[in-house]
Asker: 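For reference, the structure I am asking about is given below.
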Number of protein chains: 2
Amino acid sequence: MKEGPDIAQIGALIGDPARANMLAALTGGRALTATELAGVGGITVQTASTHLAKLEAGGLLTQRKQGRHRYFTLADEAVARLIESMMGFAAGRGHLRHRPGPKEPALRKARICYDHLAGDYGVRMLDSLIASGSIEAVGEGLALTEKGESDLKCIGIDVGTLRSSRRPLCRSCLDWSERRAHLAGSLGKALLSNFLDKGWARRTAESRSVIFSPEGDRQFLRLFPVDA
Amino acid sequence: MKEGPDIAQIGALIGDPARANMLAALTGGRALTATELAGVGGITVQTASTHLAKLEAGGLLTQRKQGRHRYFTLADEAVARLIESMMGFAAGRGHLRHRPGPKEPALRKARICYDHLAGDYGVRMLDSLIASGSIEAVGEGLALTEKGESDLKCIGIDVGTLRSSRRPLCRSCLDWSERRAHLAGSLGKALLSNFLDKGWARRTAESRSVIFSPEGDRQFLRLFPVDA
DNA sequence: TTCATAGTTCGATCGTAACCGAAGCATCGC
DNA sequence: GCGATGCTTCGGTTACGATCGAACTATGAA
């Protein structure tokens, strides 16, 4: 009855609703303070503090002190992937948080998944990149083509510097709302940063959703058309 | 504070040690009865019954009545992947079930992951297939080459029939003991079945480990050499 | 029919962990 | 120094869920 690593521990860590909410919020990518996390968890700061301590002890979170604040973030991308994959799994089984309902449409349109773009726009972007021959999909994996590399240079993304990081360039990440893949990895991050820098889109305060400006919307749709 | 699917529910399902043990056991691929699962969970049949009911309600398990037995299996491959990915994650963080220890060496050498080969031998097989040019690794994805298809035919595996299934042919699955990828998908399953049919290896009664016969060991190592 | 085995349901116990109030540190601004 | 803010620790309460004994249902064997 005892073989292999202990799933129960991390399962239990994620299994508490308050903790799950905090983790989901942190999947938004930005660091949050203990008080903010208490808010999203719907609990007092005291309880949040103990929860956060447990999550940190479990290796899911790291904290950074800054003045009298403590900023919490997911420990690394692996945690984010685990959370998103569990979300995808849960969505597939109909484990939705509140009844059926239309949910936040903004969240389904475009949201942040750790540090890259997800939702309808995220999926559309990857589809378009594949259709245009910039990215090749082989099995579950993704690879950037030479054409893609030069195309990206035009947008203002230098793939060379991205390659120098140890993080994989292209990764596919299952989108829980669309149930299809979107682009993760350092390239996914770079693309999102690019949109934010250009002012095409901005992050919202307390949500994971990403709001595109009218101009940004036009540019995005022009850049990543859906093939008819 | 409420966006997206409910991770907490499935987290909590996996979060109980008894349930986690049962799920881990079922990752071995074979259907187990309620009594057997009570054994691996270290609990009485009554409690096991309630646990199994919860897991089934959560969509993680399915049961099949056969005479007076009830055979439980994982609901589908997605559940198996979730469990294995959580194992990989847990192993990476040092969440091991019992202290450090050498653990079951047999389990690390070769074991079943749902329906394909994992452990040292599983990783070695994939490495060798890639080195020989039978399988191409692109990013995280895997694709069978033409050479691979003809090579497999020699062993007695007809890829054509495998393709007809909706299940992907090649999938990479992260190995928790080796921390590297092994081959899953319908091809992974076919290869393991092939070894079992030929009598090269056999499954053990109550464990996930796979035992190779001396002859099978020889054949396997000959077929999948490690490039020096 | 009767007995045995496999499994579920009921009822009650018990432990753990989530929770909050209050007090205790730490850091900032003044 | 002082108070205010952000967060943690302590103590005690509470509630949920895991657990098992016992009773009940179902299938199979004799």
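Residue numbers begin at 1 in each chain, while the letters A, B, ... track the order of the sequences. What you see is a predicted model; the values in this text were computed from it and never measured.
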Asker: Stepwise, does the salt bridge (Lys or Arg N to Asp or Glu O under 4.0 Å) test hold for A:Arg171 with A:Glu84?
Answerer: CA-CA 13 Å; A:Arg171 242 185 201 289; A:Glu84 268 277 329; over 6 Å; no
Asker: Using atom NE2 of A:His69 as one end and atom C1' of D:dA4 as the other, report the distance to the nearest whole Å.
Answerer: 12 Å
Asker: Closer to the 5' end of DNA chain C via nearest nucleotide, is it B:Gln46 or A:Arg19?
Answerer: B:Gln46
Asker: To the nearest angstrom, how far is A:Lys54 atom NZ from C:dC19 atom P?
Answerer: 9 Å
Asker: Round to a whole Å and report the spacing from CZ of B:Arg70 to P of D:dA26.
Answerer: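 The answer, rounded to whole Å, is 10 Å.
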Asker: Between C:dT8 and B:Ser49, is there an OP1 or OP2 to side-chain N/O distance shorter than 4.0 Å?
Answerer: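 For C:dT8, OP1 or OP2 has a side-chain N or O of B:Ser49 closer than 4.0 Å.
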Asker: What is the distance, to the nearest angstrom, from the CD1 atom on B:Ile43 to the C1' atom on C:dC14?
Answerer: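 It is 17 Å, rounded to the nearest whole Å.
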Asker: Please report, rounded to the nearest Å, how far the C1' atom of C:dC19 is from the CE atom of A:Met22.
Answerer: 12 Å
Asker: So which nucleotide from C:dT8, C:dA18, C:dC20 ends up closest to the side chain of A:Asp16?
Answerer: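 Nearest to the side-chain atoms of A:Asp16, counting from C-beta on, is C:dA18.
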Asker: Of the candidate nucleotides D:dA18, D:dT19, C:dC20, which contains the atom at the shortest distance from the side chain of A:Thr47?
Answerer: C:dC20
Asker: From OH of A:Tyr71 over to C1' of D:dT8, roughly how many Å is that when rounded to an integer?
Answerer: 18 Å
Asker: If the plane angle is over 60° it's perpendicular, under 30° parallel, otherwise tilted; pick one for A:Phe220 and A:Phe212.
Answerer: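 Answer is perpendicular, since the angle exceeds 60°.
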Asker: Side-chain N or O of B:Thr44 versus OP1/OP2 of D:dC20: is the shortest distance under 4.0 Å?
Answerer: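 Answer is yes, contact under 4.0 Å.
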Asker: Closest to the B:Lys65 side chain: D:dT19, D:dT27, D:dT9?
Answerer: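 It is D:dT27.
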Asker: In this structure, how many angstroms lie between the C1' atom of C:dT8 and the CD atom of B:Gln63, rounded?
Answerer: 11 Å
Asker: Find the distance B:Leu52:CG to C:dT9:P and express it as a whole number of Å.
Answerer: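 Result: 12 Å.
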Asker: Determine whether a donor-acceptor pair (N or O, by modelled atom type, separation under 3.5 Å) exists between the side chain of B:Ser213 and the backbone of B:Trp200.
Answerer: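 Present.
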Asker: Do the rings of A:His182 and A:His116 sit parallel, tilted or perpendicular, given the 30° and 60° boundaries?
Answerer: tilted
Asker: Mark yes or no: A:Arg93 above the aromatic ring of A:Phe89, with NZ or CZ under 6.0 Å from the six-membered ring centre and no more than 45 degrees from the axis.
Answerer: yes
Asker: Closest approach to the side chain of B:Ala34, judged atom by atom: which nucleotide of C:dG21, C:dT8, D:dA18 is it?
Answerer: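 In terms of side-chain proximity for B:Ala34, the closest of C:dG21, C:dT8, D:dA18 is C:dT8.
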Asker: Would you mind telling me which of C:dT5, C:dC19, C:dT9 lies closest to the side-chain atoms of B:Arg68?
Answerer: C:dT5
Asker: Looking at D:dT19, I'd like to know if its phosphate oxygens (OP1 or OP2) sit under 4.0 Å from a side-chain N or O belonging to B:His51.
Answerer: yes
